Amino acid sequence: QLQLMESGGGLVQSGESLRLSCAASGSTLAYYTIAWFRQAPGKEREGISCISSSGLIGNYADSVKGRFTISRDTAKKTVYLQMNSLKPEDTAVYYCSGELNPASHTCAVAPDNGRYRYWGQGIRVTVSS
């Protein structure tokens with residue numbers, strides 16, 4: 001059973017950077033797509049990006065494109081989200097999530113319809129102005 005846990009969140013000022021980590025246990029990353037989502041208070045959950053079981057990176061949400069980067073370290077079984085040039089509107093709870101998908105093609109965060117079955121607890125990121 002895949003288990004995921006986020007770390008690295010916190011409070012930063014506008015323009016600063018954070019690197020979130022998603023540590024996986026219980027299974028190999030070779031069988032899973034891993035995606036990053038976020039949800040701000042009162043807003044719908046937003047898919048940020050994903051990395052496929054073969055290491056291909058999916059498209060980024062327009063709201064973060066050019067500022068956020070996803071990567072992974074398979075030896076550490078960890079997926080990262082590097083967040084640069086943070087803005088107050090990036091304030092949200094950030095989640096990593098897994099989909100059982102050993103296919104080699106590029107992943108996608110949509111449709112968000114329950115196919116991402118494995119979720120971390122979420123971690124807060126707060127960006128002050």
Side-chain angles (χ1 to χ4, degrees):
Q1 186 81 8
L2 180 68
Q3 294 177 287
L4 302 171
M5 181 176 292
E6 304 93 342
S7 63
L11 173 64
V12 297
Q13 293 186 351
S14 180
E16 295 300 310
S17 298
L18 280 175
R19 190 184 195 185
L20 303 183
S21 297
C22 174
S25 61
S27 187
T28 174
L29 292 178
Y31 297 136
Y32 293 89
T33 290
I34 303 296
W36 285 99
F37 295 84
R38 67 183 183 182
Q39 188 164 29
K43 297 185 178 180
E44 296 182 356
R45 186 166 63 201
E46 178 185 27
I48 297 171
S49 189
C50 56
I51 185 165
S52 76
S53 58
S54 62
L56 298 176
I57 298 172
N59 196 26
Y60 291 87
D62 289 341
S63 57
V64 307
K65 192 173 184 178
R67 300 187 297 119
F68 288 14
T69 304
I70 193 169
S71 62
R72 74 176 183 180
D73 185 330
T74 56
K76 295 182 178 180
K77 299 177 67 175
T78 301
V79 176
Y80 303 99
L81 183 67
Q82 178 68 44
M83 306 184 295
N84 297 328
S85 302
L86 284 163
K87 305 174 181 180
E89 52 262 45
D90 295 318
T91 296
V93 175
Y94 284 70
Y95 300 89
C96 63
S97 185
E99 176 193 17
L100 180 61
N101 182 10
S104 61
H105 55 73
T106 303
C107 64
V109 295
D112 185 4
N113 59 2
R115 62 191 179 94
Y116 283 93
R117 290 176 50 86
Y118 307 96
W119 292 84
Q121 295 283 68
I123 190 163
R124 295 183 184 273
V125 172
T126 303
V127 185
S128 65
S129 59

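What you are looking at is a predicted structure, and each value in this text was computed from that prediction instead of being measured.
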### Query
Side chains of Glu16 and Leu86: closer than 4.5 Å at any heavy-atom pair?
no

### Task
Work out which heavy atom in Pro88 is nearest to a heavy atom in Ser129; give both atom names and the distance.
CG-CB, 4.1 Å

### Summary
With sequence neighbours left out, the residues meeting side chain to side chain contact (heavy atoms under 4.5 Å, CB included) with Ser17 are Gln82, Asn84

### Query
Below 4.5 Å, heavy atoms only, C-beta onward: do Val109 and Trp36 meet side chain to side chain?
no

### Summary
When rounded to the nearest 0.5 Å, the distance separating CG of Leu56 from OG1 of Thr106 is 4.5 Å

### Query
Partners of Asp62 by side chain to side chain contact (heavy atoms under 4.5 Å, CB included), sequence neighbours excluded?
none

### Task
Nearest 0.5 Å please: distance from the OG1 atom of Thr69 over to the OH atom of Tyr80.
14.5 Å

### Query
Within a strict 4.5 Å, meaning less than it, do heavy atoms of the Met83 and Val125 side chains meet?
yes

### Query
Between Gly47 and Ala61, what is the shortest heavy-atom contact and its length?
O-CB, 3.4 Å

### Query
How far does CG of Leu29 sit from NZ of Lys77, to the nearest 0.5 angstrom?
6.5 Å

### Message
Strictly distance-based, threshold 3.5 Å: is any side-chain N or O of Tyr60 a donor or acceptor partner for the main-chain N or O of Ile70?
### Response
yes

### Task
Fit a plane to each ring of Phe37 and Trp119, take the angle between them on a 0 to 90° scale, and name the class: parallel (under 30°), tilted (30 to 60°) or perpendicular (over 60°).
tilted

### Query
Looking at OH of Tyr94 and CG of Leu18, how far apart are the two atoms once the value is rounded to the nearest 0.5 Å?
9.0 Å

### Query
Of all heavy-atom pairs between Lys87 and Ser14, which one has the smallest distance, and what is that distance?
CA-OG, 4.3 Å

### Query
What's the shortest heavy-atom distance between Ser85 and Asp90, and which atoms?
O-OD2, 4.4 Å

### Task
Calculate, to the nearest 0.5 Å, the distance between atoms CZ and CD1 belonging to Arg38 and Ile48 respectively.
5.5 Å

### Query
How about Arg45: does its CZ atom have over 12 heavy atoms from other parts shown lying under 6.0 Å from it?
yes

### Query
In terms of hydrophobic clustering (I, L, V, M, F, W, Y; side-chain heavy atoms under 4.5 Å; direct or indirect links), are Val64 and Val12 co-clustered?
yes

### Query
Roughly how far, to the nearest 0.5 Å, is the CG atom of Leu20 from the OH atom of Tyr95?
13.0 Å

### Query
How close do Cys50 and Ala108 get, heavy atom to heavy atom, and via which atoms?
SG-N, 3.3 Å

### Query
Hey, is the main chain of Val127 close enough, under 3.5 Å, to the side chain of Thr91 for a donor-acceptor pair?
yes

### Message
Strictly distance-based, threshold 3.5 Å: is any side-chain N or O of Ser97 a donor or acceptor partner for the main-chain N or O of Tyr118?
### Response
yes

### Query
Does Glu6 use its side chain to pair, donor to acceptor, with the backbone of Cys96 at less than 3.5 Å?
yes

### Query
Does Arg124 use its side chain to pair, donor to acceptor, with the backbone of Leu11 at less than 3.5 Å?
no

#### Entry: Close side-chain approach of Tyr31 and Leu2, heavy atoms under 4.5 Å
no

### Query
Does any N or O in the side chain of Ser52 come within less than 3.5 Å of the main-chain N or O of Cys107, such that one atom is a donor and the other an acceptor?
no

### Task
State, yes or no, whether a side-chain contact exists between Arg72 and Ile34 at a heavy-atom distance under 4.5 Å.
no

### Any side-chain heavy-atom pair of Asn101 and Tyr32 under 4.5 Å
no

### Task
Of all the heavy-atom pairs spanning Gly58 and Ser49, show the shortest one and how long it is.
O-OG, 3.3 Å

